[in-house]
Each structure stands twice: as structure tokens, then as C-alpha cells.
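Read the numbers this way: they start at 1 and go in the same order the structure lists the ligands and their atoms. Basis for what follows: all heavy atoms, side chains included, without hydrogens, waters or symmetry-related copies.
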Amino acid sequence: MISGDGHEHVGSHAPLLSSGDPSADSFLDNGDDILPVPTSDGWFIWFLTFSAGISGLLFGYDTGVISSTLVTIGSDLSHRPLSTLDESLITSSTSFFALIASPFTGILADRWGRRRVILVADGLFALGALVQTFTSHVWIMIIGRSIVGLAIGSASAITPLYIAEVAPSHARGRLVTILSLLITGGQVVAYVVGWLFSHAVGGWRWIVGLGALPAFLQFAVLGFLPETPRWLIQAGLDDQAVSVLKRIYQTSQGRDRVVHQVLRDIRSEIAQERVDIDGTKPPGISAQWMRDTSHRLKTLFRGGNRRALTIAMMLQAAQQLCGFNSLMYFSGIIFSALSFSSPTLTSLTIAGTNFLFTLVAFVYIDRIGRRRILLYSIPVMIVALGLCALAFSSLDISFSPETDGPKGQESGNRLYPFLILLSLIIYVAAYAFGLGNVPWQQAELFPLNVRSLGSGLATATNWGSNFIVGLTFLPMMEWMTPTWTFTVYAGICAVGWVAIRAIYPEMSGLGLEEVKGLLADGWGVKESLRRREGTREEIST
Ligand SMILES: O[C@H]1[C@H](O)[C@@H](O)[C@H](O)[C@@H](O)[C@H]1O
């Protein structure tokens, strides 16, 4: 758990320490124990985060390559240019299969362990890349993209969960944001690779094929990646859990006591869950698995958990339905319709801005707060989208289907294309600062026993909405005009803003137990703001 100033509360029962309290600098008040605070994060936790985070890199790379791939395939597949339907299917098959994979990932991760799911995802990433590289048919390309979709769906559900479970709780927010950095970094790499290979004959085969490399790299480091302590304890492998915890807290003062306390908290949470289920002592995980899963599902849809799920799903839906990924997937097509001389290079500004502003969010997220960062950045997105819609209305441009896919007609005036580019850059910057990363903090909304299921369902919402955007963007541009397409995205942002303001409490600085308490009888927005205000006043006095 983390207090407003980043002090560690071991376990989920510790109260929030005030930032102004000098004792908070070195001790944890844990009811009956006073525990030393882990002071710094050792190399081991960074190693774990980055090794697991390779999945984020793969997620980013494989979603980023599609823009340059679509504009460079030409007539290489099925001996004809791609139609709008081909392009939409190639793009959205990935999100559709990610949508299918993500809810099951939570269940499988409880049964198989987190590491094995990462291993399977790596196999799928590599297989999907190879299928795409060697195909000469549109439908096999769609199969390759679907396999990659299964991989991305599992990776995007399991990686934040893995990091959240191994992270010392005071560093959890920051470490999860590293995952967003790796996703957006992977997208930048994809755009750079796309640009480098855009003029080579059959260059798109290299672009998609190179996606196999990080999967092999992760495969190689996986042998050094331990299971999470929580899963190990659930599986009855307490000795292994202790040795992993000792390495995670290696630089902490009073390491053994901290480890002991974390262990006790996890055990008591698991035991409590067993009592809730049937009042019996925990047997092996296999026998209990079916009952556990159905019990967890029921628990997830009750009271505070249901509110947590609503918030997590609403945030993930807003992240996708605001239309950002239409740029990630189709910016190459948009910029070639706007007659930019190098559409792939121009698209790189989109991916680069996304990465840079995720970095800014990494620095400021805990200081500004999740809720505030969203309430400030979404209005900027709305204004930028409005500007973009207006600029499009001044251009004589059509995305009507032609034999070789949608193309715009140049109007001769370069002012409006540059205005569109500028407004899109502002939109992306605001997105990356808030909506692009805050929803991935979803794990903190759920108590431990429903965390993997809740995260899986929220991740499925992400991919379901991503699928809708991927499938509808080009038809919307064609049938509704670009002006109305971007106006619709602005409208969705406005609805998202109202929903966030109404039901998303400020999570920064709250301990896990407090989150649970906050959502127990209502949305807890006012209460969360009151507490945060209180903490700030304490800091200033
Ligand atoms: O958080 C990520 C990030 O913002 C990516 O740039 C975007 O493509 C993904 O859809 C999103 O989940």
C-alpha cells in the first residue's frame, strides 16, 4: 500500500500514514506491529518489471506495425490491392481475438500460474509473426493477425497483474506505468521499423516478422522469472514464496520482518477466502479450482466489487472509444490521403508524442492524481478533436472506396493538412498524459481475491472497444465524412468526462483497504477528495 507521499504500508490492513508524520519516514503502523519501511527498490524488482514488460513491448509493436504494413503491402497478398474490408478485417481481427483471450487469461493464470501464461503468449506472438511473414494470401494474413491477437489479449491482462503482484506496494503505481511506457515505446519502434522498410520490396514482411524477436528474448529470460508470491502461496509452495519475497525486499531495512508480514497478509487473505467459500481449510488448488472461480465471479458482481468493476470497465471503454487507436492503426492512410510526402514518417510523430507524454505522466501521475489528470486532459482532447473536425471540413477530401483502398484528394492548400496534424498531436499528447495510461492502473481497484478476474474483464472491455473502433473507423470516414467521425470521438470524450467526474474517486495516495472501504457503500468521490485535501493540508503544515 502507498500513502500520499509514497510510504509503504505492508499488507492491506495498514492505515494511511499521514505525510506530515515524522514516524512515517521509517516505520509502518500495522495494527499490532511496527515495521521498518522498505527504503528503496532493489535491482531484482526492476529486472522482474522489465522482463515481464517485454510483453508490453510486444503488445505495442504488434499494434503499431499495422499502420505501416497496410500502406506498404500493395498487391503482395492474393495478387490484388487490399479493399477497405480487407484492411478493416486485418486490423480488427487482432483486437477481436484479444477480446476473446483476455477474460480467460485471468482464470488460466489462477490455475496454471502467471509465468506459464506469459510463456504461452510468447509462443503465440512468435507463431503469429511467422505466419504473417510468409503468407501470400489475405485470409492467412488475417489468421496471423488473429494469433497475434490471442497473444496480445493474454499479455495485456497478465502483465499488469504480474507486475502488481510482485511489486512492493509503495512502488506499484510507478511500475505499472512502466508497462505503459513499454507499450508506447514498442509502438514507436514499430513506426521506426515501418518507416525504414517502407520503400524496400516486400519490406512489410520484415516489419511484421521482426515482432518475433522480443518474444524469443522474453522466452530466454523467462527461466529467471519467478512465480508471484501470491500464486505460490495459493499453490502451497510457501518456501518458494519466501525466497521470492526475500529477493523483492532485499534492500529493505528489517527485511525478514517485512517478508514475514507480507506473507502473513497474503495467507490470511487466502484463508479468509476459503472460509467464505465453504468454511473448510485450504486443500490443493486443483480440487478447489472450479468452486473458487465461480465463487470469485459471484463476489466480483457484489457491492463494492461491482462498483470497482464498473469503474475499471468504464475507464477502459473510454480509453478506446475516444478513437485514439484509429490513429495508431490508420494514421498512414490518413496522412497519405492528406498528401504528406512520407506518411509513415508523419505517423511517427503520433507514436513519438504518445511515448513522450506517457513519460510525462510517469513523472506526474502520483503528484497530480489519477482523477485530476483525467479531468484536466480530456477537455484538451475534446478541443483538439473539434479543431481537427473543423480543419477536415475545409478540405475537399474523400475516403470513398477506390480500387486500391480509400484515398483522399489533395486540395492544394497545405495549411489544413498541417492544422490537422497539429490538432492530432495535441489530442495524442493529452491522451497519453491521462486516458492512455490511467485505466491500466485497474488492479488497484480490486481486492486480491477478485483481482485477476476483474482485471481480465476490464481488459476484455478494452479490446472489445478497440475492436469496434478498428472495424468502424474507415467506414465512418467513408460514410459520415472525417468531420463527423472526429466529432463523434469528441462527443464520446465528453460523455467519458462526465462519467469520470461522477463515479471515479481519487485513488492516488489511498491504501488498498481504503479503496475497498471507499467503494463499499457508494462511489466515494467526495470522501476521496476530502481525504486527499486533508493529506495536503497536513503536508503544508
Ligand atoms: O495504453 C495503451 C497505449 O495508450 C497505446 O498507445 C494504445 O495503443 C493502447 O490501446 C492503450 O491500451
Can the ring centres of Tyr329 and Phe473 be said to be less than 6.0 Å apart? no
Are Trp463 and Phe59, when compared by the centres of their aromatic rings, separated by less than 6.0 Å? yes
If you measure every N/O of Thr63 against every N/O of ligand 1, is any gap under 3.5 Å? no
I'd like to know whether CH2 of Trp484 has more than 12 heavy-atom contacts from other residues, nucleotides or ligands below 6.0 angstrom. no
Output yes when the distance from some N or O of ligand 1 to some N or O of Phe59 is under 3.5 Å, and no in every other case. no
Tell me, which protein residue and heavy-atom name are nearest atom 1 (O) of ligand 1, and how many Å apart are they? Gly436 O, 2.5 Å
Side chain of Glu506, backbone of Arg371: donor and acceptor closer than 3.5 Å? yes
Can you tell whether the side chains of Asp110 and Arg296 come within less than 4.0 Å, N to carboxylate O? yes
Among non-hydrogen protein atoms, atom 7 (C) of ligand 1 lies closest to Asn325 OD1, 3.6 Å
Note: Arg114-Glu165 ion pair, threshold 4.0 Å (strictly below): yes
In this structure, atom 4 (O) of ligand 1 is nearest to the protein heavy atom Tyr431 OH, 3.2 Å
Within a distance under 4.0 Å of any heavy atom of Gln187, pick out the atoms of ligand 1 and give their elements. 5 (C), 6 (O), 7 (C), 8 (O)
What atoms in ligand 1 come closer than 4.0 Å to a heavy atom of Asn354? 6 (O)
Quick one: which ligand 1 atoms are inside 4.0 Å of a heavy atom on Thr184? 6 (O)
Per-atom filter on ligand 1: closer than 4.0 angstrom to a heavy atom of Asn462 are 12 (O)
Mind checking whether Leu359 and Val363 have side chains closer than 4.5 Å, heavy atoms only? no
With the threshold set at 4.0 Å, does a side-chain nitrogen-carboxylate oxygen contact exist between Arg370 and Glu444? yes
Going by distance only, is there an N or O of Ser180 that falls short of 3.5 Å from an N or O of ligand 1? no
Atom 12 (O) of ligand 1 sits nearest the protein heavy atom Gln319 OE1, 2.8 Å
State whether the shortest distance between N or O atoms of Gln320 and N or O atoms of ligand 1 falls below 3.5 angstrom. yes
Need the ligand 1 atom indices (1-based, order shown) with element for anything under 4.0 Å from a heavy-atom of Trp440. 1 (O), 2 (C), 11 (C), 12 (O)
Compute the centroid of each ring, for Phe340 and then for Phe418, and state whether the two points are separated by less than 6.0 Å. yes
